[in-house]
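The next block holds one structure in the form of structure tokens; read it before the comments.
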Amino acid sequence: MARKKTLKLATFNVNGIGTRLPNLLEWLAHETPDIVALQELKATDEAFPAAEIEAAGYGAIWHGQRAWNGVALLGRGVEPVESRRGLPGDLDDAQSRYIEAAVHGIIVGALYLPNGNPQPGPKFDYKLAWMQRLQRHAKTLVDLEHPAALVGDFNVIPTDNDVYDAKAWKKDALIQPEVRQAYFDLLAQGWTDALAEVFGDEQVFTFWDHFRQHAERDRGLRIDHLLLNPVLAGGLESVGVDRWVRLQPRASDHAPTWVELRR
DNA sequence: ATGGCTTGCACCGCAAGA
């Protein structure tokens, strides 16, 4: 088999890997991403469908949790080499929201950042604290001479251009100024927001809620992000969102979002 | 300005998502 000239790195909030497994497998077969970060497994470690994922041609590591959260990393034809599970900085944090591994020569931090609603309140405080911890850990990755990426559901609407109607989301945790500031502080370490880089002012969404046919009408948010360190950003070839997955029956409310990188 | 929908869990309603 001829070696592809590019490598496709994707992130997908599946919103329950139990119910969404057929959608996930169809997407994997159709788009053949090389590296995949999954969020919101909503399944215990025991319930993760490892056999089906393996049969689809992917090695996997996962960090599950009953009912909520849960993250995984898949490698097409390879086993991810795990370097970390759980974000450092709070030993009492029991939520499964971070897993990191070397996959196809890239160190990938896969994250499911807390939603933070309702705000203000303890959940919003947890979100801000989590972003501070992420920023500290990200600093150890951004300056590596090795390719590194931070990808996942960030639950951050970076700018008003990343939402169909900023006014309708004004009170939401995803759009608050301190959340945006924390996101841009993270980028300022030297990360490239790949979709923002390529799309510029053109609107692109990765999430559409279940109300008022927002998916069909393309009224969404851009909250799933792929951040590349400088070494990796030099190889950025293209980006995209597989919106067709969101329009399938019984779909997740997120669509797979990806970058293609020169090898 | 509000509510609109979907899922998991476990039990027919509630919490959580974004």
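Each chain gets a letter, A, B and so on, in the order the sequences are listed, and its residues count up from 1.
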**Prompt:** On DNA chain B, nearest-nucleotide positions of A/Thr19 versus A/Phe211: which is more 5'?
**Reply:**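 Its nearest nucleotide being more 5', the pick is A/Phe211.
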
**Message:** Can you work out whether A/Asn117 or A/Asn15 has the more 5'-proximal nearest nucleotide on DNA chain B?
**Reply:**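 Its nucleotide being nearer the 5' end, the pick is A/Asn15.
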
**Asked** Under 3.5 Å, is there a donor-acceptor pair linking the side chains of A/Thr11 and A/Gln39?
**Response**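 Side-chain D/A pair, A/Thr11 to A/Gln39: present.
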
**Prompt:** Side chains of A/Trp244 and A/Glu31: is there a donor and an acceptor less than 3.5 Å apart?
**Reply:**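 On atom types as modelled, these side chains qualify, holding a pair under 3.5 Å.
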
Indicate whether OP1 or OP2 belonging to [N] is found under 4.0 Å from a side-chain N or O atom of [X].
{"X": "A/Tyr112", "N": "B/dA18", "value": "yes"}
{"X": "A/Arg66", "N": "B/dA10", "value": "yes"}
{"X": "A/His254", "N": "B/dA18", "value": "yes"}
{"X": "A/Lys42", "N": "B/dC9", "value": "no"}
{"X": "A/Arg20", "N": "B/dT7", "value": "yes"}
{"X": "A/Asn115", "N": "B/dA18", "value": "yes"}

For [X], which contact category applies under a 4.0 Å heavy-atom criterion: base, sugar-phosphate, or nothing?
{"X": "A/Phe154", "result": "nothing"}
{"X": "A/Asn13", "result": "sugar-phosphate"}
{"X": "A/His214", "result": "nothing"}
{"X": "A/Lys123", "result": "sugar-phosphate"}

**Asked** In terms of hydrophobic clustering (I, L, V, M, F, W, Y; side-chain heavy atoms under 4.5 Å; direct or indirect links), are A/Trp68 and A/Tyr98 co-clustered?
**Response**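 No, no single cluster joins them.
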
**Request:** When you get a sec, tell me which of B/dA16, B/dA18, B/dT2 is the closest nucleotide to the side chain of A/Trp68?
**Result:**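 My answer, after comparing the listed nucleotides, is B/dA16.
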
**Prompt:** CZ of A/Arg250 versus P of B/dT6: gap in Å, rounded?
**Reply:**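 Spelled out: CZ on A/Arg250 to P on B/dT6 is 10 Å.
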
**Item:** Lys NZ or Arg CZ of A/Arg222 over A/Phe205 ring: under 6.0 Å, within 45°
**Value:**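 No, a cation-pi geometry is absent between A/Arg222 and A/Phe205.
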
